[in-house]
Protein chains: 2
Amino acid sequence: MDTLNVTLATSPLSDPVAHMLTRDEKKAQTRKSLMDAALALTGEGSNFASISLREVAKNAGVVPTSFYRHFNDMEELGLNIIDDLGLMLRKLMRTARQNEDYLGALARSSVEVYANYVCTHKNYFYFMEQVRTGGTPILRKAIRNELRYFANELASDIRPLESLATINDTDLDIVCQLIVGTVFENTIELLDQVEINPGYLDTYTEHTLKKLRLIWLGAMAWRS
Amino acid sequence: MDTLNVTLATSPLSDPVAHMLTRDEKKAQTRKSLMDAALALTGEGSNFASISLREVAKNAGVVPTSFYRHFNDMEELGLNIIDDLGLMLRKLMRTARQNEDYLGALARSSVEVYANYVCTHKNYFYFMEQVRTGGTPILRKAIRNELRYFANELASDIRPLESLATINDTDLDIVCQLIVGTVFENTIELLDQVEINPGYLDTYTEHTLKKLRLIWLGAMAWRS
DNA sequence: ACTTTCAGTCAACACTTGTACACTAAATAT
DNA sequence: ATATTTAGTGTACAAGTGTTGACTGAAAGT
């Protein structure tokens, strides 16, 4: 009786969270663990294109067939990861923009924030870099859209600057695409190198900063 | 007797080339068809990481086990493709450099030549873009080395220019990495878009040219 | 209290995968 | 002329793949 009481009493207490989860919450939880599993696998070096549905399910601690309760296939899962990634980056960008020091993402702090963010979310960025050029056409397009979004955001951000008065809107768009492209282009190298030598983070920051300053100089000298 | 003579006589004539091939030549031939098969598959949209050895062998018109006579695994095949690609691009670059109009790869003709070259060697560039960020670490590194090679080549090419007198060697390297990176960065979009709308080739050329001119302006304004 | 809903389980399928091993036949070397 | 080498073949196997359909039990709706 006592033991029974105890077990019955401790059971809900041993995992205080699990038992107050509604059904939808629990579903959302395993859904997330599926996405996390896929991200973890790409982060470990696997290519997203060659990860099997079963592998993901196993790493998420779920039976393969359960996968279908959440996604129709791996591509759909990938699209959802991209959505999450886009949300995260937009948030990051928003906080960066609140910083007075911002000045068109050319400021040192912005690059530093980005580089640190990459290193603390490696899996997401491995995924992104991989899929951007190596995913299915649909996934590639989804990522390109995200990048274009940032470029547009950046453009309307720096449009008012006086030093850019001599550049027209279409050319400014191209400048911003170049900036965004440059930042993301070397992210894969950052990820690879930082794994071997943590000091590379500074090197990356310096190199990227120089590139951005160069673009900035060019943009100011530009006459549309 | 006659029929036998005929068959014996026509057999070597029906395929005049095949019978004057030495054993090594024939081996090199199927080796190439294996690499071509892999390239064709990536060109069709498959991801190199998820292409199976058997698929490649089948497309090359060879039995799977025969693959091992040429490569130990798909990664080794990939490395050989990268070698070929590097050779091709170096040759392209050399001819571009002979052009008086060259002037630091910023000239219109250079970009046009490159864009056309990409479109006539789609498979190679799909492969390259895919593997650059999505291949195994070894393959990624191999491609990065190729790109670095170009950047170095470019650097020693434009180093003598007077307009770049105010920039030191390390900074010039970064400029060249930016240039090379910018050209390759948008190649995947060129490949994707040109498939839908051939006119995109011009758009790509214009956009890339503007970006390069921008970098060029920045480089001339740079003070190390 | 009773019924419905549905996330997760289990078993089974038809295929594809990489690789090992023994074999063949034709080009080379002797 | 004879022996050796070897690119390509054929068979076989254990392991992993995506997807199916029927089943379970607890949460949600009535």
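Please read these numbers as outputs of a predicted model, since none were measured by experiment. Here is the naming used below: chain letters follow the sequence lines, and residue numbers restart at 1 for every chain.
Between C:dT19, D:dA7, D:dG8, one nucleotide has an atom nearer to the side chain of B:Arg23 than all others, and that is D:dA7. Comparing D:dT17, C:dT19, D:dT9 by their nearest atom to the side chain of A:Arg54 picks out D:dT17. In this structure, of C:dT19, D:dT19, C:dT9, it is D:dT19 that holds the atom nearest to the side chain of A:Tyr68.
Sorted by first then second residue, the ring pair (Phe, Tyr, Trp, His ring centres under 6.0 Å) pairs that include residues 27-67 of chain A, not counting sequence neighbours, are A:Phe48-A:Phe127, A:Phe67-A:Phe71.
In this structure, B:Phe71 places its CZ atom 17 Å from C1' of C:dG18, rounding to the nearest Å. Protein atom NZ of B:Lys27 is 11 Å distant from nucleotide atom C1' of D:dT5, rounded to whole Å. Taking atom CD on B:Glu76 and atom P on C:dG18, their separation rounds to 15 Å, with Å as the unit. If you take CD of B:Glu75 and P of C:dG18, they are 14 Å apart, rounded to a whole angstrom. Straight-line distance from the CZ atom of B:Arg31 to the P atom of D:dG8: 12 Å, rounded to whole Å. Computed from coordinates, the A:Asp24 CG to D:dG29 C1' distance equals 13 Å when rounded to whole Å. In this structure, A:Phe67 atom CZ and D:dT19 atom C1' are separated by 12 Å, rounded to whole Å. Protein atom CG of B:Leu53 is 7 Å distant from nucleotide atom P of C:dT19, rounded to whole Å.
Residue A:Arg148 qualifies as open at atom CZ: its count of foreign heavy atoms under 6.0 Å is 12 or below.
Put simply, the side chain of B:Asn186 reaches to within 4.5 Å of the side chain of B:Lys211, judged on heavy atoms.
The base of D:dG8 sits within donor-acceptor range of the side chain of B:Arg69, with an N or O pair under 3.5 Å.
Contact annotation: A:Thr22 side-chain N/O to D:dA28 OP1/OP2 distance is under 4.0 Å.
At the heavy-atom level, A:Thr65 lies under 4.0 Å from base atoms of the strands shown. Among the protein residues, B:Ser52 comes within range of the sugar-phosphate backbone only, with heavy atoms under 4.0 Å from sugar or phosphate atoms but none that close to a base.
Taking the six-membered ring where the residue is Trp, the centroids of A:Tyr117 and A:His121 are separated by under 6.0 Å.
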